[in-house]
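Here the structure is laid out as structure tokens; the discussion comes afterwards.
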Amino acid sequence: NLRVDVDRLLGVFGIIFGFLATFMVGIFWSMGAVILLTGEGGTIQQLDLQGLWRTLFWAFPFVAGGSVVLALGAFAVKRYKEAAGVAALPAIGVLLYYLALIQLR
């Protein structure tokens with residue numbers, strides 16, 4: 001008799017897609033970071049990020065790494081839905097950062 005734990009299965013898919021989205025954002029973040037460090041130009045250089053905006057930009061890898069640890073920890077203690085949500089937080093945070101950057105700055 002085979003029973004599928006739907007919460008666990010959806011948690012696994014949520015973690016996979018959350019980590020995938022975070023990884024894809026991380027690729028573009030790394031390109032922007034290289035441009036900022038080398039000063040070679042580009043849109044991120046033209047934004048001239050200062051203060052909190054620049055700090056939030058550089059915080060992404062720490063937020064992404066923390067979300068991986070927290071999501072895997074939540075999954076290990078059988079909090080599957082919470083693990084999926086935490087895995088998606090960096091990608092959602094980048095979207096909110098971008099919207100705040102173009103609306104508030």
Side-chain angles (χ1 to χ4, degrees):
N1 192 6
L2 180 65
R3 254 188 75 195
V4 176
D5 185 0
V6 176
D7 285 343
R8 185 175 184 178
L9 181 63
L10 291 176
V12 168
F13 281 126
I15 287 174
I16 289 170
F17 289 126
F19 287 169
L20 184 63
T22 299
F23 175 73
M24 298 306 281
V25 169
I27 291 172
F28 287 100
W29 178 89
S30 64
M31 288 189 282
V34 168
I35 289 171
L36 279 178
L37 291 173
T38 60
E40 291 295 321
T43 305
I44 190 78
Q45 191 76 32
Q46 293 172 354
L47 286 173
D48 192 35
L49 298 175
Q50 300 291 327
L52 180 63
W53 296 108
R54 192 170 185 94
T55 303
L56 289 173
F57 175 82
W58 289 112
F60 176 76
F62 301 104
V63 172
S67 77
V68 168
V69 171
L70 289 175
L72 293 176
F75 192 83
V77 295
K78 300 183 187 224
R79 304 296 297 200
Y80 305 123
K81 294 175 188 174
E82 290 84 352
V86 170
L89 280 179
I92 294 168
V94 166
L95 177 64
L96 294 175
Y97 174 76
Y98 172 74
L99 290 174
L101 190 63
I102 61 173
Q103 292 297 319
L104 302 176
R105 188 166 173 263

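Think of F75 as one node in a network of Ile, Leu, Val, Met, Phe, Trp and Tyr side chains linked at under 4.5 Å; its network also takes in V12, I15, I16, F19, V68, L72, Y80. Chaining together hydrophobic side chains whose heavy atoms lie under 4.5 Å apart places I27 alongside F23, M24, F28, M31.
Residues in residues 84-105 take part in these ring-ring contact (aromatic ring centres under 6.0 Å, His included) pairs, two or more places apart or across chains: W53-Y97. Listed by first then second residue, pairs satisfying salt bridge (Lys or Arg N to Asp or Glu O under 4.0 Å) with a partner in residues 57-72 number zero, not counting sequence neighbours. Among residue pairs with one or both ends in residues 44-70, none qualify as salt bridge (Lys or Arg N to Asp or Glu O under 4.0 Å); sequence neighbours excluded. For residues 58-79, the pairs satisfying salt bridge (Lys or Arg N to Asp or Glu O under 4.0 Å) are R79-E82, with sequence neighbours left out.
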Report, one line per pair, each donor and acceptor closer than 3.5 Å where one atom sits in a side chain of residues 32-43; sequence neighbours left out.
{"from": "T38", "atom 1": "OG1", "to": "V34", "atom 2": "O", "distance (Å)": "2.8"}

Review item, side-chain donor-acceptor pairs of residues 85-95, under 3.5 Å, at least two apart:
none

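Of all heavy-atom pairs between W29 and F57, the closest is NE1-O, 2.7 Å.
Residues that satisfy the side chain to side chain donor-acceptor pair (under 3.5 Å) test with Q46, not counting sequence neighbours, are absent from this structure. With sequence neighbours excluded, no residue forms a ring pair (Phe, Tyr, Trp, His ring centres under 6.0 Å) with F13.
Taken to the nearest 0.5 Å, the CZ atom of F62 stands 13.5 Å off from the OG atom of S67.
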Let me see the working for L9 and D5 under side chain to side chain contact (heavy atoms under 4.5 Å, CB included), right down to the final yes or no.
CA-CA 6 Å; L9 181 63; D5 185 0; over 6 Å; no
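One hydrophobic cluster, built from ILVMFWY side chains closer than 4.5 Å, cannot hold both L10 and V4; they sit in different ones.
At least one side-chain heavy atom of L101 sits less than 4.5 Å from a side-chain heavy atom of L49.
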